[in-house]
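What follows is a single structure, written as structure tokens, with notes after it.
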Amino acid sequence: MEIFIEQQQKTINLEKTCKASDLLEELNIPSNTVIVVKNNEVVTEDEVLENTDKIKILSVISGG
Amino acid sequence: MNCSKCQKKAVIKLQHASYCKDHFLSYLEEKVFKTIKKFKLIEKDDIVCIATSGGKDSITALYHTHMFCKKHNIKHFALMIDEGIADYREHTYNDLKKFCKEFEIDLKIASFEEEFGRPLDKMTQEAMEKYNKKPCSVCGILRRFLLNKYSRENKATKIVTGHNLDDESQVLIMNTFKNNIKLNARLGPLGGIGKVKGLIQRIKPLYFVSEKESRLFCILKGFDVSFSECPYVQHSYRARVRDYLNKFEEEFPGTKNGILNSFIEIRESIKSTVKEKNNLTYCEKCGEPASNKICKTCQLVEELKLK
């Protein structure tokens, strides 16, 4: 699956099917700091992400 | 996962429930309006200045305050401070202009360059090298000064800020870690330690709203908001506390709410202790409320040779 990580402004590709929460854990991103978007739809951390999905991990931290 | 109130697909899972788009938007509005009413943040005769940067928190605060004021026929306007941060502020400014036009909100603008003769970008190097002052501290002092001045000149009785659950829990922890507990007296949904002549009271309608909720709100409402991080944020002690707190919240959900609710229980006793020792005066140079003979803004103006 193609994963865009907004805070790092980078896109990575992973071959896997997993829950959004597992992906965040693997990437060491606390779920309260991001919103997961699957194929342009906001999803909860329980959502299963398939290999063909386009994922965006949007950061909720902004300002300063 | 489905919404706890209907069978639609959930967009957020909170500690107590999961919500679909529509139920999340109603839940958030209810939470913000409840905070405004419970802590009497806005009353009938108020003129409300909504301090806004165009970022997600201030847009969320602006939208909900505008809706509340409109519903209760209360005068209000938006105020943006342009600090002069290249590749950051201009994006949020454009988003904000569009937003205010769409909702017919009067938008006023004040800028560091106009008021102090230089944008923040041209102050930070000297402030750090000569006076060991971090950009956030310079920005904070000057921004607070302008917010108060411009809102007072526009006859405002309250200033709304976009401070949220994350900001407030971070600052409570920072003050505790640095043994600055008396600074906590100024915190809470209704800021300050009481009414002070010349100082417009600050209010925080998003006190119990998390950063995640405010960004989700902007996404679901389709508000065009830039999500860029301030380029100076990495210098701050706050960013370190923020990251630790987020990791803690992940492991122990409800931590941030717990910090705020514990504080609210003891807030009045901290306030009364500090009130007795309060020696607020007025700056000999500019006449603005200050805790010393010369206010922090005038000290900065002198050090950095600003206008």
Side-chain angles (χ1 to χ4, degrees), chain A, chain B residues 1-3 9-14 18-21 24 53-58 83 85 88 92 135-136 139-140 162-167 210-216 218-220 225-236 238-239 242-243 245-251 253 255-256:
Chain A
M1 74 184 85
E2 188 184 290
I3 306 155
F4 171 66
I5 306 169
E6 185 186 47
Q7 200 179 25
Q8 299 163 21
Q9 287 292 307
K10 71 172 185 186
T11 303
I12 56 169
N13 282 286
L14 288 179
E15 291 278 325
K16 67 190 318 175
T17 296
C18 64
K19 276 189 176 183
S21 55
D22 298 330
L23 177 67
L24 294 178
E25 202 178 328
E26 193 178 322
L27 298 171
N28 198 21
I29 300 172
S31 68
N32 61 81
T33 66
V34 291
I35 290 167
V36 178
V37 176
K38 174 179 135 177
N39 304 326
N40 293 321
E41 211 177 88
V42 175
V43 295
T44 61
E45 289 75 33
D46 288 19
E47 183 79 5
V48 174
L49 312 177
E50 308 280 350
N51 221 359
T52 51
D53 290 331
K54 280 196 170 181
I55 308 300
K56 283 183 197 162
I57 299 176
L58 306 178
S59 172
V60 306
I61 297 164
S62 65
Chain B
M1 179 178 288
N2 289 338
C3 175
K9 201 170 173 183
V11 291
I12 190 165
K13 184 186 172 198
L14 300 170
S18 298
Y19 292 125
C20 66
K21 177 184 170 179
F24 169 73
S53 63
K56 68 179 190 345
D57 299 314
S58 63
E83 306 92 344
I85 305 173
Y88 175 62
T92 61
C136 297
C139 183
H163 290 100
N164 57 35
L165 173 85
D166 293 75
D167 299 322
S210 70
E211 288 207 287
K212 182 162 179 161
E213 289 172 331
S214 71
R215 178 150 195 200
L216 182 59
C218 290
I219 292 172
L220 297 178
V225 176
S226 301
F227 295 103
S228 51
E229 192 172 49
C230 175
Y232 294 115
V233 78
Q234 64 268 27
H235 294 290
S236 73
R238 177 187 282 268
R242 176 191 74 192
D243 293 344
L245 259 181
N246 283 336
K247 282 180 189 160
F248 217 74
E249 176 78 31
E250 187 77 356
E251 204 176 337
T255 296
K256 292 174 193 170

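The model shown is predicted, which means the values in this text are computed figures rather than measured ones. Per chain, numbering begins at 1; letters A, B, ... match sequence-line order.
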Taking atom CD of A:Glu25 as the centre, report whether more than 12 heavy atoms of other residues, nucleotides or ligands fall under 6.0 Å from it. no
Answer yes or no: does atom CG of A:Asn13 have more than 12 heavy-atom neighbours from other residues, nucleotides or ligands under 6.0 Å? yes
Output yes when a side-chain donor or acceptor of [X] lies under 3.5 Å from a complementary backbone atom of [Y], and no otherwise.
X        : Y       : value
B:Lys56  : A:Val60 : yes
B:Asn246 : A:Thr33 : no
B:Lys212 : A:Val34 : yes
B:Arg215 : A:Ile35 : no

What I want to check is whether the side chains of A:Asn32 and B:Glu250 have a donor and an acceptor closer together than 3.5 Å. yes
Atom pair CZ (B:Arg242) and CD1 (A:Ile61), whose distance is rounded to the nearest 0.5 Å: 4.0 Å
Residue pair B:Lys9 / A:Glu47, side-chain heavy-atom distance below 4.5 Å: yes
Close side-chain approach of A:Thr44 to B:Ile12, heavy-atom, < 4.5 Å: no
Check whether B:Lys256 gets within reach of chain A through its side chain, its backbone, both or neither, counting any heavy atom under 4.5 Å. side chain
Do you know which of A:Val43, A:Leu58, A:Val36 has the most heavy-atom pairs under 4.5 Å to chain B? A:Leu58
Where is the tightest heavy-atom contact between A:Pro30 and B:Lys247, given as atom of each residue plus distance? CG-CG, 4.3 Å
Give, as side chain, backbone, both or neither, the part of A:Asp46 having an atom under 4.5 angstrom from any heavy atom of chain B. side chain
